[in-house]
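This report concerns only the one structure given below.
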Amino acid sequence: MSSVLEVEGLATSFPMERGRVAVVDGVDLCLARGETLALVGESGCGKSVTALSILRLVPKPGRIEAGRVRLGGREIQGLPVTEMRRVRGREISMIFQEPQTSLNPVVRVGAQVVEAIRLHERGSREAARARALELFERVRIPDAPERLDAYPHELSGGLKQRVVIAMALAAHPKVLVADEPTTALDVTIQAQILELLRELQRELGMAILLITHDLGVVNELADRVAVMYAGRIVEAGTRAEVLGQPRHPYTQALLRSMPALAKRGERLAEIPGTVPWPGDWPAGCRFSTRCPRVMDVCRAREPEATRLSPTHTARCFAVAQELAT
Amino acid sequence: MQAWVISNLVVGVLFAGGIALGVGVRRNRLWREATGELARRRPVALGVIALFVGVALLDSVAWVGGVEAGEDVVAVLEAQSVIDRAFLGFQEKSYSAPFAGAEFYGGARLAHPGRHPLGTDILGRDVLYLTLKGARVALLIGGLTSLITIPLALLFGVSAGYFGGRIDDVVFFVMSTLASMPGLLLLIALIMAMGRSTLSVCIALAVTGWVGFCRLARGETLKLRELDYVQAARALGVSEPRIILRHILPNLMHLVVVTFVLMFSGLVLSEAILSWLGIGVDGSWGQMIDRARDELSRDPIIWWNLSAAGAALFVLLLAVNFVGDAVRDILDPRTLRENL
C-alpha cells in the first residue's frame, strides 16, 4: 500500500509551568491515497496540535521537537519556509472547525476562492474565476454564479463550510486535513457536509485526515481509526476493528459513552475524571489514573504498542497480557 | 516652487484622491452601504463639514494677477486665493462691531460701512475673512497630521501584533517611552526644536499622537492573527506579507476610519491649545482666540473676534464628533451585520 502521508515519532511541545511539555508525544500515522483516517479523542488530547504540526503551523510558543513527516514520499519537516508554503495548499490542505470565522468577513467569498486558486496556478483572473465557479458547483453550492459575489455573512454556516472546502480544494491537494469539520454545524447540515466529503474523496482520490471527537462521524466516514489520549495514539486499526472490537480500555470506555449504543432508560456510561493537563500526566501509562483495569505495572512503565492484527495495534499492558495467554 | 503652486497641486491631488475614493467606495458594497447609512443618519453634520472643506479648498486655489492696483500694491504681486479675492479691498483702520457703520472707538466713519458681518479686528481686517481662512488651517492640521499618524501607527502596530517577539518588544518599548512623557511638554519641545511652522506642528502632533492608535492596531492584529481565516490562509500557503495586506489590514479599516474621524477633532483642539501657548500655526482659530485675550479686558468689550473663532471651532468639531459617533456605530463589527 503506497501511503501519501507518513508521520513518524512526531512530538510537539508547549511551555508549561514546569518547562516544555510534549503535548503530542511520538505520534505515528500513515494515510494511503483515497483513504480516510479518523483521529479521535477527547478535548485536549493533542488532535489539533498533531494536525497543525503536520502542516508546520504550530502557533508560537509551540515547537515541533522531533518526528518525520513524509508527504508523497518527500520529507517536509526540514523544508525551508518558502518551499513549505508551496507544499501547503497544493499537496496538503486544511479546513477548520468554525466556518463562521474561517472566511475573511470583508472579502467576497468568490474572491477568496480565486485568491486560493491563483496562489498555486498561473493564469488570468477570468480563468481563476471560472475555476472558482467550477469549484463552487463541485461542492454543491446552489446558485453558484450569484454566490460568488456574496459576503460571508450572507451565507449560512453550511454554505460557508462548503466555501471553505472549495478553497481547500483549489490547488488539488493530495491530503486534506479536516479539523472537526462538522462540529459547529446543525445535525442535518453535518450529514450533508460528510456526504460531500465522501463524494469529493471518491471523485478526486484525495486522502482525508479527519480530526473529531464525534464517533458518529467516524463511523460515517472513516476507513481507519486512531484513538488518541494525552498526546499518544493508544489504539489504531480499521474502523471495524476499533469500533467493532475495541481492545484498549480507553476506546472501550469511549464507545460505552456513546448515546447510540446505550440502552434506553439507563444512565449513560461515562469515563470518570478528565484528561489530565499536559505536564500532569501520570508516570507509566497515561490512562492509568482513569483506567478500570489498571495494574501495578501500568503505574510504573509505559506500555508499548501491541500488534493484534496486521492493521490493529493497542498500547496497553492488559491487552498484551491477554494476547500472551 | 512657490507655496501657492504647491497649494494648487495639493488641491488637485485631493480632488483626484476624492474621486478615486468615491469610486472605490461605490464599488465595494460594504463601504457603499456604510456611507449611505451615514448620509441618512447625519445629513446636517456632513453638510457642515462639506461647507468647511469647501471653504478650505477655495482658500487653497490661488493665482497671481487679476487684482487691480489700488491702495494695496502688494496684492498685485502675490498669489491670492478665491477667498482672499472676495474680501480684497474691504480694509478698515481699526475695530468695528458687526454690521457697524462707524469705528468702535472714536466713531470715525468706516470705508465700507455695513460690509463686515462679523466686524473687524484691531488692524481693521474683516473677521469673517479671518474666520474663513482659519478653516483651511484647521483642516490642514487635522488632515496632514492624520496622514502622518495613521500609516505610522498601522505599520508599527500591525507588525508588532503580527510578528510579535523582538519587533513587538521594540515597538512596545518606544510606545511606553513616548506615553510616559507628558504630552504637552514633548509637543512644545519638538516644536521648539524644529522651528515654528505648520509642518513642524503637524509632525510634533503626529509624534505625540500615534501611540494610542498604534496600541489599538496592535491589539486588534493580535486578535485577528489567531482567527481561523488567517490560519486557513496559512494552511493554503499564503505568504506573510499577503496575509497582512489581504486579511489583516482590510479588517482594520473600520478602526482606521473611526480613529481618523475622532482623532481629527482632538488635533484641531490641540492646535488651539498650542496657539494659546504662543506656538501654534499662523492664521488658526486658536491664534484668533489667543489674540482676543487682551480684547476681553477692554471696555467696552470686543467680543466678536473670540466669538467668531470659538463658534467656527465649536461648530466644526461638533459636526466632526457627530459624524464620528455615527461612523463608529455603523462600522462597529458587532453592529455591522445588523446595519448592513
Side-chain angles (χ1 to χ4, degrees), chain A residues 48 51-52 54-61 81-109 111-113 115-120 149-154 160 163-165 167-171 173 176-179 184, chain B residues 24-25 27-34 160-169 220-258 330-340:
Chain A
S48 292
L52 291 172
I54 292 170
L55 277 101
R56 278 172 59 193
L57 285 172
V58 182
K60 282 180 208 164
V81 178
T82 48
E83 194 69 17
M84 191 61 212
R85 198 175 292 146
R86 221 163 302 154
V87 170
R88 290 184 204 130
R90 188 176 304 184
E91 296 187 35
I92 185 164
S93 200
M94 184 160 176
I95 55 179
F96 292 86
Q97 183 172 351
E98 286 275 350
Q100 314 296 343
T101 55
S102 290
L103 293 168
N104 188 339
V106 301
V107 180
R108 292 166 201 275
V109 289
Q112 298 193 45
V113 178
E115 182 188 18
I117 293 167
R118 284 168 63 87
L119 268 176
H120 297 283
D149 288 324
Y151 285 97
H153 70 264
E154 295 166 331
K160 263 185 259 193
V163 174
V164 169
I165 293 171
M167 277 172 73
L169 297 182
L176 179 69
V177 180
D179 189 357
Chain B
V25 163
R27 271 217 189 132
N28 187 310
R29 204 168 77 239
L30 288 177
W31 286 107
R32 188 171 65 222
E33 283 170 11
Y162 189 80
F163 295 110
R166 203 41 65 79
I167 299 175
D168 194 23
D169 291 345
E220 192 70 11
T221 309
L222 276 176
K223 193 187 88 188
L224 292 174
R225 185 182 69 170
E226 301 303 327
L227 284 186
D228 280 349
Y229 60 83
V230 175
Q231 286 285 331
R234 281 201 203 107
L236 286 173
V238 182
S239 64
E240 308 279 337
R242 221 182 134 78
I243 288 177
I244 290 178
L245 280 180
R246 187 128 169 105
H247 296 293
I248 305 275
L249 278 183
N251 282 293
L252 287 174
M253 277 331 274
H254 66 280
L255 281 184
V256 171
V257 172
V258 172
I330 292 168
L331 293 184
D332 189 323
R334 275 164 300 186
T335 57
L336 189 67
R337 266 159 224 178
E338 286 87 76
N339 282 324
L340 301 182

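Values below: all heavy atoms of this structure, side chains included; hydrogens, waters and symmetry mates excluded. What you are looking at is a predicted structure, and each value in this text was computed from that prediction instead of being measured. By convention in this document, chain letters (A, B, ...) are assigned in the order of the sequence lines, proteins followed by strands, and residues within each chain are numbered from 1.
- For the atom pair B:N28 CG and A:Y151 OH, the distance stands at 4.0 Å (nearest 0.5 Å).
- Taking all atoms of both residues into account, the shortest heavy-atom contact from A:S102 to B:A232 is O-CB, 4.2 Å.
- Side-chain contact between B:Q231 and A:L52: present, with at least one pair of heavy atoms (C-beta onward) separated by less than 4.5 Å.
- Ranked by heavy-atom pairs under 4.5 Å with chain B, the list A:M94, A:H120, A:E154, A:E115 is led by A:E115.
- Of all heavy-atom pairs spanning B:P250 and A:V106, the tightest one is CB-CG2, 3.6 Å.
- Between chain A and the residues B:E226, B:M253, B:R225, B:R242, the most heavy-atom pairs under 4.5 angstrom are made by B:R242.
- Of the possible donor and acceptor atoms, one in the side chain of A:N104 sits under 3.5 Å from a partner among the backbone N and O of B:R246.
- Contact annotation for A:A51: neither backbone nor side-chain heavy atoms come within less than 4.5 Å of a heavy atom of chain B.
- Contact annotation for A:R108: only side-chain heavy atoms (C-beta onward) come within less than 4.5 Å of a heavy atom of chain B.
- Rounding to the nearest 0.5 Å places CD1 of A:I92 at 12.0 Å from CG of B:L236.
- Inter-residue side-chain proximity for A:P105 and B:Y229 is flagged as met; some heavy-atom pair is nearer than 4.5 Å.
- Using a 4.5 Å cut-off between heavy atoms, A:M167 contacts chain B through both its backbone and its side chain.
- Nearest heavy-atom pair, A:F96 versus B:A235, reported as atom, atom and distance to 0.1 Å: CE1-CB, 4.3 Å.
- In this structure, the portion of A:L103 lying under 4.5 Å from any heavy atom of chain B is its backbone and not its side chain.
- With rounding to the nearest 0.5 Å, the separation of CZ in B:R234 from CZ in A:R56 is 13.5 Å.
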